[in-house]
A.B. asks: 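Below is one structure. I have some questions about it.
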Amino acid sequence: MQIKSLICVSAALAGAASALDLPKFSQKDIDSGAALAALNKIATQNAMKNFKGKCKKSNYRVRQEWRTIPPGQRRKYIEAVKCFQKKPSVFPEIEGAVSAYEDLQWIHLNRTWEVHFSGLFLPWHRYLMHVYERELEACGYKGPTPYWEWGFDTEGDLGNSPVFDGSDTSIGSNGAHVPHEGYNITIWPDAPPVTYPPGNGGGCIAKGPFSDMDTHLGPMQLSDWGTSIPKSVEDPTRKNTRCVSRDLNNVFLKAHANFRNTTNLILLNQELDIFQAALANDARFYSDPRMAPFVGDQGVHFGGHMSIGGDPAGDFFLSNGDPAFYLHHGQVDRVWWIWQHLDPANRHNVSGTHTFLNVIPGPSPEVDLDEEMVVHPNMPPVVIRDLMNTLGGEPLCYVYI
Ligand SMILES: *[C@@H]1O[C@H](CO)[C@@H](O)[C@H](O)[C@H]1NC(C)=O
Ligand SMILES: *[C@@H]1O[C@H](CO)[C@@H](O)[C@H](O)[C@H]1NC(C)=O
Ligand SMILES: *[C@@H]1O[C@H](CO)[C@@H](O)[C@H](O)[C@H]1NC(C)=O
Ligand SMILES: *[C@@H]1O[C@H](CO)[C@@H](O)[C@H](O)[C@H]1NC(C)=O
Ligand SMILES: [Cu+2]
């Protein structure tokens, strides 16, 4: 069984290398991030052959890793997020959606069962990032949209990362240290709960940007210390004012979102269904031989989320209330984007249905590239196909560097 899956892996890898004509990377390059950086470059070259419409060589935007963005621009980005947080909500009936920023959280809460473990997961979150980016632009931000390369932060204390060091060029620090236990969470109904050690925060963001930030929606399904039962309130749409807390913990990054994990995700998966399954640890694929290298990993998506922790970042339904969410999901989108643009002719596609695991609230039809998606009431509906080419102009015009 084990030998068989090993053969599968090397066959798939060899196949990929010849079919896609990728360089052969050494294990050292895969583990150091050099291979991932090289894949990003190849993806950029391929993507740049596809400028369309209003998106041109003269006006395309770049998305850039947080620590490579000049400090002045990071400060401007933070100012723009704060400006967005002061704009009024367009959902007066949702008491807990206090600002336009929190509207995106309400939208995420409302659509959670449609846009996770479904064919909508990747395109919907791509459009959510786009909506966020447009809002920051409306607040005067013209710089690059940041992403968080998890691989840089798998060693040492996450609180020392330029992303979370609490300086005025970080996205805010860890939560204040509150002694607490770890917790168990049940990821899959039939699987044993996974035990998480406590992080070294737990309280309100202690220093830097967003240390004065409150959140209002939820909690809805917040992983909680000392128990396997997530915290929730009866009506998560009501206004429940509390600080934004964090519980940084690089255990998750180190185990599930290191450079090897991210690079293997991109190199070993040739079809979109299995790429998505490995990215998000989809239990429906555990017995699929293509999933063999990833069974036991919780996936880079989950790894990044859980490493931030706290409220609302550790709440499956409301995690986008923490500004760090958009750095994490920028990276999720980047990983998909790199994968897509290693073979754009075959990988500008969707796979899966419209409901969570195709089970909640019930089975549903396959997502079609030509269907329209409405994400935000102030944004035009978008045809999913138009989200495939990020230099397609209507509506996207960006590459990752
Ligand atoms: C989402 O919002 C719509 C429109 O307000 C509402 O009809 C629906 O019940 C909501 N669903 C969930 C799961 O919140
Ligand atoms: C988590 O599970 C382990 C193993 O079953 C158990 O020893 C521990 O007490 C549990 N912790 C919590 C916080 O539920
Ligand atoms: C992910 O990283 C962990 C920890 O190093 C490792 O055990 C696992 O094999 C990796 N998985 C993949 C698919 O690279
Ligand atoms: C997308 O995937 C479907 C199902 O595998 C396939 O029939 C279709 O041809 C693909 N479309 C593109 C544009 O690759
Ligand atoms: Cu989400």
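Counting convention: from 1, in listed order, for ligands and their atoms alike.
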A.B. asks: Classify the ring geometry between Phe259 and Phe152 as parallel (under 30°), tilted (30 to 60°) or perpendicular (over 60°).
C.D. replies: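 Aromatic pair Phe259/Phe152 classed perpendicular.
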A.B. asks: Would you confirm whether Trp113, through its side chain, and Thr355, through its main-chain N or O, come within 3.5 Å as a donor-acceptor pair?
C.D. replies: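 Answer holds: no.
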A.B. asks: Of all the non-hydrogen atoms in the protein, which one sits nearest to atom 14 (O) of ligand 3, and at what distance?
C.D. replies: Asn264 ND2, 2.9 Å
A.B. asks: Identify, by atom number and element, the atoms of ligand 3 in contact range of Pro293, meaning under 4.0 Å from any of its heavy atoms.
C.D. replies: 13 (C)
A.B. asks: In terms of residue, atom name and distance, what is the protein heavy atom nearest to atom 6 (C) of ligand 3?
C.D. replies: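 Protein heavy atom with the smallest distance to atom 6 (C) of ligand 3: Asn261 ND2, 4.3 Å.
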A.B. asks: Could you grab the protein N, O or S atoms closer than 2.8 Å to the Cu ion (ligand 5) for me?
C.D. replies: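 Those protein N, O or S atoms (cut-off: under 2.8 Å from the Cu ion (ligand 5)) are His108 NE2, His116 NE2, His125 NE2.
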A.B. asks: Phe84 vs Tyr101 aromatic rings, parallel, tilted or perpendicular, using cut-offs 30° and 60°?
C.D. replies: perpendicular
A.B. asks: Counting from 1, what ligand 4 atoms have a heavy atom of Asn349 closer than 4.0 Å?
C.D. replies: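 This gives 1 (C), 2 (O), 3 (C), 8 (C), 10 (C), 11 (N), 12 (C), 14 (O) as the contact atoms.
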A.B. asks: Got a sec: does the NZ of Lys76 have more than 12 other heavy atoms crowding it under 6.0 Å?
C.D. replies: no
A.B. asks: Have a look at ligand 3 and work out which part of Ala255, if any, has a heavy atom under 4.0 Å from it: side chain, backbone, both or neither.
C.D. replies: backbone
A.B. asks: Verify the ring-centre separation between His301 and His256: is it less than 6.0 angstrom?
C.D. replies: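 Centroid distance His256-His301: not below 6.0 Å, so no.
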A.B. asks: Please determine, by modelled atom types, if Asn358 and Thr353 share a side-chain donor-acceptor pair under 3.5 angstrom.
C.D. replies: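 Yes, Thr353 and Asn358 have a side-chain donor paired with an acceptor closer than 3.5 Å.
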A.B. asks: Any non-hydrogen protein atom below 4.0 Å of atom 3 (C) of ligand 4?
C.D. replies: yes
A.B. asks: Would you please say whether a donor-acceptor pair under 3.5 Å links the side chains of Asn320 and Tyr326?
C.D. replies: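 Short answer, yes.
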A.B. asks: Can you tell me how the ring of His177 sits relative to the ring of His180, calling it parallel under 30°, perpendicular over 60° and tilted otherwise?
C.D. replies: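 Tilted, since the angle between the ring planes falls between 30° and 60°.
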A.B. asks: Can you measure from CE (Met129) to CZ (Phe325) and round to the nearest 0.5 angstrom?
C.D. replies: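 Met129 CE to Phe325 CZ: 8.0 Å, rounded to 0.5 Å.
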A.B. asks: Does the protein put any heavy atom within less than 4.0 Å of atom 11 (N) of ligand 4?
C.D. replies: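 Within 4.0 Å: yes, protein heavy atom nearby.
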A.B. asks: State the atoms of ligand 3, each with its element, that fall below the 4.0 Å cut-off from a heavy-atom position in Phe294.
C.D. replies: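 Reading through ligand 3 atom by atom, the close ones are 13 (C).
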A.B. asks: Kindly give the heavy-atom pair with the smallest separation between Ser351 and Asp273, and that separation in Å.
C.D. replies: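 Taking every non-hydrogen atom into account, OG-CB, 3.5 Å.
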A.B. asks: Should the pair Asp311-Lys231 be classified as a salt bridge under the 4.0 Å nitrogen-to-oxygen rule?
C.D. replies: no
A.B. asks: For atom 7 (O) of ligand 3, find the nearest protein heavy atom and state the residue, atom name and distance (0.1 Å precision).
C.D. replies: Asp297 OD1, 4.9 Å
A.B. asks: Suppose we measure from atom 5 (O) of ligand 3 to each protein heavy atom; which comes out shortest, and what is that distance?
C.D. replies: Asn258 ND2, 3.4 Å
